[in-house]
Amino acid sequence: MDELINQGLQLMALGMGTVFLFLGLLIFVITLVSRVIQKYELKAEAPASTSTSSHDDLVDVISAAIQQYRSDHPRRK
Amino acid sequence: MDELINQGLQLMALGMGTVFLFLGLLIFVITLVSRVIQKYELKAEAPASTSTSSHDDLVDVISAAIQQYRSDHPRRK
Amino acid sequence: MDELINQGLQLMALGMGTVFLFLGLLIFVITLVSRVIQKYELKAEAPASTSTSSHDDLVDVISAAIQQYRSDHPRRK
Amino acid sequence: MNTLNELLIKLWVTTGIANFEWGQVLMIGIGLLLLYLAIVKKFEPLLLVPMGFGAILSNIPVAEISGPDGILGILYHTGIETGLFPLLIFMGVGALTDFGALIAMPRTLMLGAAAQFGIFVTLIGALALNMVPGFEFSLADAAAIGIIGGADGPTAIFLASRLSPDLLGAIAVAAYSYMALVPIIQPPIMRWLTTEKERKVRMEQMRHVSKAEKIAFPLTVLLLCVIFLPTAAPLIGMLTFGNLLRECGVVDRLSNTAQHELINIVTIFLGLSVGSKLQADHFLNMETLGILLLGMIAFGIGTAAGVLMGKVMYRLSGGKINPLIGAAGVSAVPMAARVVNKVGLEADHHNFLLMHAMGPNVAGVIGSAVAAGILLAVVGG
Amino acid sequence: MNTLNELLIKLWVTTGIANFEWGQVLMIGIGLLLLYLAIVKKFEPLLLVPMGFGAILSNIPVAEISGPDGILGILYHTGIETGLFPLLIFMGVGALTDFGALIAMPRTLMLGAAAQFGIFVTLIGALALNMVPGFEFSLADAAAIGIIGGADGPTAIFLASRLSPDLLGAIAVAAYSYMALVPIIQPPIMRWLTTEKERKVRMEQMRHVSKAEKIAFPLTVLLLCVIFLPTAAPLIGMLTFGNLLRECGVVDRLSNTAQHELINIVTIFLGLSVGSKLQADHFLNMETLGILLLGMIAFGIGTAAGVLMGKVMYRLSGGKINPLIGAAGVSAVPMAARVVNKVGLEADHHNFLLMHAMGPNVAGVIGSAVAAGILLAVVGG
Amino acid sequence: MNTLNELLIKLWVTTGIANFEWGQVLMIGIGLLLLYLAIVKKFEPLLLVPMGFGAILSNIPVAEISGPDGILGILYHTGIETGLFPLLIFMGVGALTDFGALIAMPRTLMLGAAAQFGIFVTLIGALALNMVPGFEFSLADAAAIGIIGGADGPTAIFLASRLSPDLLGAIAVAAYSYMALVPIIQPPIMRWLTTEKERKVRMEQMRHVSKAEKIAFPLTVLLLCVIFLPTAAPLIGMLTFGNLLRECGVVDRLSNTAQHELINIVTIFLGLSVGSKLQADHFLNMETLGILLLGMIAFGIGTAAGVLMGKVMYRLSGGKINPLIGAAGVSAVPMAARVVNKVGLEADHHNFLLMHAMGPNVAGVIGSAVAAGILLAVVGG
Ligand code: NA
Ligand code: NA
Ligand code: NA
């Protein structure tokens, strides 16, 4: 019985230790990753403006809409 | 080895042959079915005249296209 | 053969009897439950007005909305 | 080793032309017929479209789509043999059903009880058919056939999968076909058994049913079922569970899913699975013809019994109850209630019976689940 | 052979009345109690409604709904024994969770770590209970009981199904019950351990977290888990997968489905399945009482440990961190964070801690998944 | 017995660090690469996000997530080994696809036929690779690899799971990667094989297709498949079933579910399952490299064959058909059709080919399902 509780106590030590270690490491890595990303994003801010294919898209959408309309509403006289 | 490649070549002949035959037949049957349906629908047309919501549809389609375009390309100054 | 049909007839007697008994009992119990509930609800009507935690909730919602807005729209100059 | 010639033969022996049996061609025709009825005639399309398509798929030679490794075979094994699909549909039905009309007029449960008469008459009919050479229905088979008279698809499939899986295809086809034919089968019987005066009876507006009553209802039904008829508990349990999700007001997201996506997914799978039982070698036989015939009788007698009980209640209530609503007791929700409304309007253009017919209509669902429980208890043991 | 008499007997022997054992009646009562708590008291209704109903269904005599061929038995076998249901729920939780608050204040992970103390104390408590005659918890049992202190339903169910399936029912009931009781259990502990001044601390507005950071977060957590604690990878993996679906911005249709229909369907099935473990003969024993007692302790100690760690951080930060938010470290998302907000508002009517408490709150989810991984590694081997 | 030391060792031996093999690290890197391509480059994200994540999960040491008891292993066993997932996806594709353009111009089926050339050339290529030491592809392997040229994900997964499950991971990765690369692979080939004049051809407006024609279409395709190529019936059957749900107009709730929730759920599961086949020991070998190489060839040849057939039709039609639309015959819906539109616009800023390319595009889906049926018939026997 005491043996089992002893095991439990050691499991607690090990468990809480690992939880703190793991989440502590996570704090460190998250902070690191955030800094890297923020630095990178700051750099990227100036030459951003990525709207490349906007014209193509518009054409796509409108031509599809027109075709759709025509195919749904054939002219009959 | 050559034997296997030989099999492959025959499989290609058979396969492409069958694909073309099958889809060719499909062209024939679809065309036939379409004609039958169109003939039947032409007969039924006189008392039909179902074009109720056509205007609404056009409006729908165009407004959707415009909305789509706008949501994809927000104006920034 | 007759034996089987005989069984069927007895099954019908038993089955319809049970269906009527069960649904009859259900009528009784539903009526009873409805009366109990209606009586209880009549009593509860006067001192109802259950708006207990409404204020807390409102505060929750508004504060969350504000925080959300702020975190989504950081001020940059 | 292979030459082009041999490959060609290998391909040829897998074509449909080289493998068709006439039964399969006929069954594909029946599948197309079911699709026609569903799409053009709008007969129970939610089930008949998947079922008709499943019938076609399961009769394709070589492909073995209904075999143990085919998709329909796997779906059948997973969902029908286990009872899972019909029970989940029943949960969805519970979530979709407002029992308010029944709670307001619990008396109409008697109509839902009377209409189950069709079940037991059909059961005896099936046993009587054994006198005709070629028929050999066991008591379990007869019970499974009888449940067609319950006019409730999931109940029929659940019971048939338990008592007589070989007949499941024919029973499901019969059940859904006649449910779809309710607008054709019922009105003449209803007119024949009632007088013009009876059909003109306008019923009082129903009382308001409170939220608490609606929450108590599924629990009440379940508890009675637990106490007196546990064999009906899988069906009644899932029905009342779905209904509690609907009414309790605290799990709307679960209720919505049960009413929409979940029941839709299961409906697709159920229809395909049932269709897989329409394989030529299992379906094309005398027994199927007998079942289709008996199913028709079942619906007629169920309707008649409901209307006659309606006439009894008309008398007992001093003319306040329109006997037409008894026809809705067969279930076939909400078709039967709509038929009642229509026949009522024929007699009096301002006589709207729809809401009053919903009481017996949903009572019919409970009634046939109860009947299924009894059959399971006595025959299934 | 059969006479009506015999049929009657056959029906009678299948009634509930003839078969009830008192344990079943009691358990149906407990099922009703869970429904009452869920519907009237609004305690975790999304799980307690299906679970309470499942408890009723699984204690119906004769019907065997929780047996190997019954619907609840099949669902349990398919979804809980395999771990599928809790893992899919975890995926949905990931898709529903915004980790922004945690990314903005990674320090609050320490609060989520401290609150796991309840898990290990409870584990020891369970072992200590063995001194009382009638209790014989193995180390695996004790670990499964301890995880109640993680205050996270799917984690508890997943771990219990792995380490101690016999206790699953009691553990799930305890976990969800105490999660529902968080607004009652936590405030007194929080007030007792903090000063008025501490509770009045207003926290700074959090910084903006960019989309890229939110995408990187699930991958970062997963990679750390892969490197250091692979036994937690099923849980952490599905959680971060769901979160990546949410944040990556290119698979919104998958994310929406994971957040709504899929998690709803699995929630219904999970609840019913867990309910199936509330069968009288497995549930009504000393062990269950012990588990309910230990669960209460677990929550209390977890809360206290979180608040105490909050006080440490209050000191270390020079009074910038309100120690109350430590209580949210137990998880029980988002209930615990709301409780923090409420207790904060009691001290100062303009002190909104909700967003700041979300950091430790979701940290608690990760913390208990990590603890579960450790227990699986050391005890589960 | 246990001391803290022993526990520490027990924990240590379960860490990733203590168990990693280099192959696993590399495969996790490949998983991250797939996620990068999906999220940043937007390459087929609906499949590559779950697949990339599945690749990571399946290469975590110790956790055995792709093992027979892990969630990915269970999903693979349930959905891919049985063929269920790709067939349900195909049903969803059918429900999502408007075949109107194909019905209006059935001739374009020839383009969908021609583009299947890539399948068979790749098959021979795979057999030829056997001359290189280290490769030993059987005819079945070669057929499964060839289907990459069909440019259709579910078809490739379905066929590979039937003919060569060991290569499934590599085949799926190749198929989806090249489908995503269509905008890069196709344009140079298209420009190289066509003249400026040909690319400028504007096509006539398509005729209106009636509802009845759209309903008849799936049934026509299915019946031809039943008669001539039943081995393609599982794929064609589910595709046409989905399409009938869409077009028949009486089961919109089923059609909506097939188009949204059901296909989304299955897409998540399919992606994860396929990812589970990216385990280091099965994926990292010469064969995978060979498959990736062959897949590239398959796409190129399929595109070229489609365009060349387009040129034939350009001649035969007296210049009315723009040969570019032949490139859409590979399937890769709707990416290939968009590429055609874009290349057409380059030649003439008012030449919108999108709708005309949809015909060959969906024809390509049927074409590769037909090719899969042939391969199953001849090789799978
Ligand atoms: Na009924
Ligand atoms: Na926790
Ligand atoms: Na293709």
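Scope of the values below: all heavy atoms of this structure, side chains included, with no hydrogens, waters or symmetry mates.
Here D:Arg107 contributes atom CZ and C:Ile27 contributes atom CD1; the two are 9.0 Å apart, rounded to the nearest 0.5 Å. From C:Leu11, atom CG reaches atom CZ of D:Phe120 across 6.0 Å, with rounding to the nearest 0.5 Å. Here the straight-line distance linking atom CG of C:Asn6 with atom CD1 of D:Ile124 works out to 9.5 Å at 0.5 Å rounding.
Scanning all heavy atoms of the two residues, the minimum distance from D:Ile103 to C:Ser34 falls at CG2-OG, 3.8 Å. The minimum heavy-atom distance linking C:Thr31 with D:Pro106 is given by the pair OG1-CG, 3.7 Å. C:Met16 and D:Ala113 make their closest contact through CE-O, 3.4 Å (heavy atoms, listed as atom of the first residue, atom of the second, distance).
Contacts between C:Leu9 and chain D at a heavy-atom distance below 4.5 Å involve backbone atoms as well as side-chain atoms. Using a 4.5 Å cut-off between heavy atoms, D:Ala126 makes no contact with chain C at all. The contact between D:Leu224 and chain C is made by backbone and side chain atoms together, counting heavy-atom distances below 4.5 Å. Residue D:Ala142: no heavy atom, backbone or side chain, is found under 4.5 Å from chain C. Using a 4.5 Å cut-off between heavy atoms, C:Val19 contacts chain D through both its backbone and its side chain. For C:Ile37, the part lying near chain D is the side chain, with the backbone staying farther off; criterion is any non-hydrogen pair under 4.5 Å. Contact annotation for D:Phe99: neither backbone nor side-chain heavy atoms come within less than 4.5 Å of a heavy atom of chain C. Heavy atoms of D:Val121 lying under 4.5 Å from chain C belong to its backbone as well as its side chain. For chain C, the nearby parts of D:Phe117 are the backbone and the side chain; heavy atoms of each come within less than 4.5 Å. With a threshold of 4.5 angstrom between heavy atoms, D:Leu109 approaches chain C through its backbone and through its side chain.
Within a 6.0 Å radius of CE in D:Met206, other residues, nucleotides and ligands contribute more than 12 heavy atoms. For D:Arg253, the CZ atom is densely surrounded, since the number of other residues' heavy atoms within 6.0 Å is greater than 12.
No side-chain heavy atom of C:Gln7 sits under 4.5 Å from any side-chain heavy atom of D:Leu127.
In terms of heavy-atom pairs under 4.5 angstrom with chain D, the leader among C:Val29, C:Leu26, C:Val33, C:Val36 is C:Leu26. The candidate with the highest count of non-hydrogen atom pairs below 4.5 Å against chain D, out of C:Leu21, C:Leu25, C:Leu14, is C:Leu25.
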